[in-house]
Novice: 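Please see the structure below; I have some questions.
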Amino acid sequence: MIRSKIPLRTLAVLASPALLLPVAAADDYRDYRAEAMAMVKRDFQAKGIAGLDRLEQDGVQAVCNRTGNHPPADVVRRLEQDQMASVRFPADGKLMGDWKEGEKLAQNGRGFTWTDKPGLPVGGNCYNCHQISPKEGSYGTVGPSLYLFGKKRGYGEDIQKYVYSKIYNAKAYNLCSEMPRFGYIGALQEQQIRHLVALLLDPESPVNQ
Amino acid sequence: MADPMKIRAALQGDVVEVRVLMAHEMETGTRKDASGKVIPAHFIQTVSATHNGNTVFSAHWGPAIAKNPFLQFKFKGGSKGDKVQITWTDNQGDKRTDEATIS
Amino acid sequence: MRARFILAATAGIALAMPVLAQTGASADFQKFRDVMEEDNPAELFEARGEAYWKTPSGPKHASLEQCDLGLGPGVVAGAYVQMPRYFADVDKVMDAESRVVHCMVTLQGLTYEAVTRQPFSNQSGTPAHVNVVTYVAGQSRNMPIAVPQRHPKEREMYQIGKEIFNFRAGPYDFACATCHGTDGKRIRMQDLPNLTRPEGAIKAVQGWPGYRMTGGLMLTSQWRMNDCFRQQRFPEPKYLSDTVTAILTYQAVNAKGQIYRGPGIKR
Amino acid sequence: MGYTRRQALKAGGSLGLFSALVALGLVKPGDAWAQAWNKGVFETKSVADALKALGASAPTMTADVIVTAPDIAENGAMVNVAAVSKLPKTQQIAYLIEKNPNTVTAVFDIPPGTLPEVQTRVKMGQTSNVMVLVKADGKYYAAQKEVKVTVGGCGG
């Protein structure tokens, strides 16, 4: 499912010789990455909804893995454009949902593990990594604090589009970002992303209080 | 059969500090197993400690004591080498007694 | 904590808050974790493991007292802080759990399938090998981590482990390193140790085997790796597989010289 | 077993009676204590009912009872709670957890010669006040502390 969505240009970049060069120094050269991939292929088994296809890297993953998350600037530029092109905005142009629903989604960290049931909806996982509403003290710090997000950045359409697309595909803005591509992989649907946009950008949301 | 307790009894000044770990599920009776059946309550209800035949401490517990319970208490009048005996009983009639030497 | 938050926001230094809040909660967790560590229910499992180690059982009616954990048959003290390591008799690198299972099969005559039918503790019980691993780990308490890197296969395991640690894949693009590659991060309220550095790596090494408060289960490093991959949205690593050994080697070698204070107690 | 609350109340209304019987040599310590487990007390579902069942309707709140528990519990499945009473002639210490399904979690009997200090670990379903009730010289005192129970990482 994921692989089928890889833009063709990503694959073309992968095939370019510069990226295939190993990073290791020549004298103790041994392709441990290749050995690791071979070991992983042997040692994993499908379980529940988590199939072995998940071990197949898509274009972005492969580039980030090969370069220690620091691909050359021109590669980054091209692939970020590809990722941006993947973002599907709502047809009716409405980007804001209900912040209360967004808060519930932000709290929910479920989905996509082998113990999760197939199908939707899955959670947004937001509090795992971000501070958001001041009412929730149990928040992670892997990502930046989003408290006062709208108050600091404004509530206009541009910023709504930014938040929507960032949640849809974080790799459009930072190719090797640690943040999942929630819309791109089909984890969050249009309406859910709208709710999360509202959580950050509704002036009434506790985030902006 | 229930596993032995882990008992430490240490004399500090004139006070014996007793620390006990007990192997017990402390099942509340409100949880369900994988098939949706309620797991019956199974928890320690009483704990008593004796030293030289005297009860030096006793406790009544409900099911909200954490699984594999820990208990600490202190009493006076013990000497190094004395035995401290602890007994628990649970709501299903299981019982276990262990003893430790005061060090 | 909330009062502090309002104060800070009023003072216009809201950006400093996450740090403050984190320090407060983490310190509180640590204080009570220390209290728990002194009387860790893991000791009950160590006692069971010791009894199993010393009591003859299985088709060969043998104890595990002749098991070679890398320091010679029967030597338990200090063995855990030197694993994973290379074992010539099987020509491979094994972690403590793999080795204990190996001994139960070879010495006691149990089948591998029988021993590993239930790999991890669950509500229905704690498998014997988990108790034994906990006992073995406890016999290295307060010793420095000294996982050997002499044999080529030990060095190879480290390098491969490092690659797997950094391997991003799956629907969420997660690698081990996504959560465990930098300092000072947390998920929700849980601190994420940086496993690439000694001070962080030791936290993982001594955390497992650990008594997990959730469910009150005694769980091993093998379980921890299994559950990490689950949270990483990967498929399942096979129990006792080289992949798991490789990552355990990577983190244990990174913890070199740190004092082992496990078995642990974890959220 | 089969010792109902009604019987317990008829028999004297408090656990103290059993200590007295033990002291008189009328009952073996273990037996008495085991029999005295009071279903009525442990099945109460509010602090008010719990206090009533324990015979302590209006305890005096005091700083002489010290409750040590975390401000934020890392995990509600295992919360360390220590209680110390500085009140002379402390006879009994009880733990009451307001928001738990059953309020009374533990009742400790403190005979003369035993220090009024106890520590154990409790399960808490949610953020709640933890009250420590102390019976000293026949009167009831209490102190309490709120313990926050947090949401775990990775969505559980």
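First the proteins, then the strands, lettered A, B, ... as listed; each starts at 1.
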Novice: With a 4.5 angstrom heavy-atom cut-off, could you sort out which part of B:Ile44 is near chain D: side chain, backbone, both or neither?
Specialist: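 No part of B:Ile44 comes within 4.5 Å of chain D.
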Novice: Hey, is NZ on D:Lys45 packed in by over 12 heavy atoms from elsewhere, all under 6.0 Å?
Specialist: yes
Novice: Give the member of B:Arg19, B:Gln72, B:Lys67, B:Met26 that has the highest number of heavy-atom pairs under 4.5 Å with chain D.
Specialist: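 Heavy-atom pair counts peak at B:Gln72.
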Novice: Answer yes if the ring centres of B:Phe57 and D:Phe108 are under 6.0 angstrom apart, and no otherwise.
Specialist: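 Yes, ring centres under 6.0 Å apart.
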Novice: Hey, what do you get for OG1 (B:Thr30) to CG (D:Asn102), rounding to the nearest 0.5 Å?
Specialist: 8.5 Å
Novice: Checking D:Lys123 side chain against B:Pro63 main chain: does a donor-acceptor pair fall under 3.5 Å?
Specialist: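 Checking the backbone N and O of B:Pro63 against the side chain of D:Lys123, a donor-acceptor pair under 3.5 Å is found.
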Novice: Tell me whether D:Thr114 contacts the main-chain N or O of B:Phe75 through its side chain, where contact means a donor paired with an acceptor under 3.5 Å.
Specialist: no
Novice: For B:Ala66 versus D:Ala77, what's the shortest heavy-atom pair and its separation?
Specialist: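 Closest approach of B:Ala66 to D:Ala77, heavy atoms only: CB-O, 3.4 Å.
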Novice: With a 4.5 angstrom heavy-atom cut-off, which part of B:Val15 approaches chain D: side chain, backbone, both or neither?
Specialist: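 The side chain, not the backbone.
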Novice: Do the non-hydrogen side-chain atoms of D:Thr120 and B:Trp61 ever get within less than 4.5 Å of each other?
Specialist: yes
Novice: Below 4.5 Å, heavy atoms only, C-beta onward: do D:Tyr95 and B:Ile65 meet side chain to side chain?
Specialist: no
Novice: Please report the shortest heavy-atom distance between B:His60 and D:Phe42, naming the atom on each side.
Specialist: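 The pair with the smallest heavy-atom distance is O-CZ, 3.4 Å.
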Novice: With rounding to the nearest 0.5 Å, note down the distance linking CH2 in D:Trp37 to OG1 in B:Thr89.
Specialist: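 The distance works out to 10.5 Å.
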Novice: Quick check for you: among D:Glu43, D:Met78, D:Arg121, D:Glu117, which has the greatest number of heavy-atom pairs under 4.5 Å with chain B?
Specialist: D:Arg121
Novice: Shorter than 4.5 Å, heavy atoms on both sides: which option in D:Pro116, D:Ala106, D:Gly125 has the most such pairs with chain B?
Specialist: D:Ala106
Novice: Does NZ in D:Lys145 sit with more than 12 non-hydrogen atoms of other residues, nucleotides or ligands closer than 6.0 Å?
Specialist: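 For D:Lys145, atom NZ is crowded (more than 12 foreign heavy atoms under 6.0 Å).
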Novice: Hey, are the side chains of D:Val118 and B:Leu71 touching, using non-hydrogen atoms and a 4.5 Å cut-off?
Specialist: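 Answer yes - side chains close enough.
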